[in-house]
K.L.:
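Have a look at the structure that comes next, please.
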Amino acid sequence: MSALLGFILSNPTILAIGAGVIAVAGAWFKGRLSGAKAERNAQKAKEADAYAKHLQDIQNAANARSSVDAGRLPDRDPYKRD
């Protein structure tokens with residue numbers, strides 16, 4: 001076992017291949033993390049926009065409700081349909 005380990009650690013080709021595999025795996029992992037972070041940020045921005053639209057809809061509804069003049073409606077029906 002120690003002879004095999006000594007051979008692997010003393011062979012520069014095997015060390016270079018191992019370092020290349022580790023570098024590729026590290027780059028892939030870093031790309032996955034940055035992509036996930038970008039997706040989370042995009043989702044947060046989308047939710048913030050939806051919330052802002054929701055608040056604007058509430059404000060528009062409140063403005064529409066206050067713009068109706070209830071005093072112009074007759075208190076009694078002139079045709080006696082009560």
K.L.:
In Å, rounded to the nearest 0.5 Å, how long is the span from CG of L33 to NZ of K37?
P.N.:
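So the gap between those two atoms works out to 10.0 Å.
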K.L.:
Just how far is it from atom CD1 of I22 to atom CD1 of I17, taken to the nearest 0.5 Å?
P.N.:
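Atom-to-atom, I22:CD1 and I17:CD1 are 12.5 Å apart.
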K.L.:
Rounded to the nearest 0.5 Å, what separation is found between the NZ atom of K44 and the CG atom of D49?
P.N.:
14.5 Å
K.L.:
Passes side chain to side chain contact (heavy atoms under 4.5 Å, CB included), Q59 versus N63? Steps please.
P.N.:
CA-CA 6 Å; Q59 184 64 38; N63 291 341; 3.2 Å; yes
K.L.:
Following the transitive rule for hydrophobic clusters with a side-chain heavy-atom cut-off under 4.5 Å over Ile, Leu, Val, Met, Phe, Trp and Tyr, establish whether L15 and L5 coincide in one cluster.
P.N.:
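In one cluster with L15: L5, yes.
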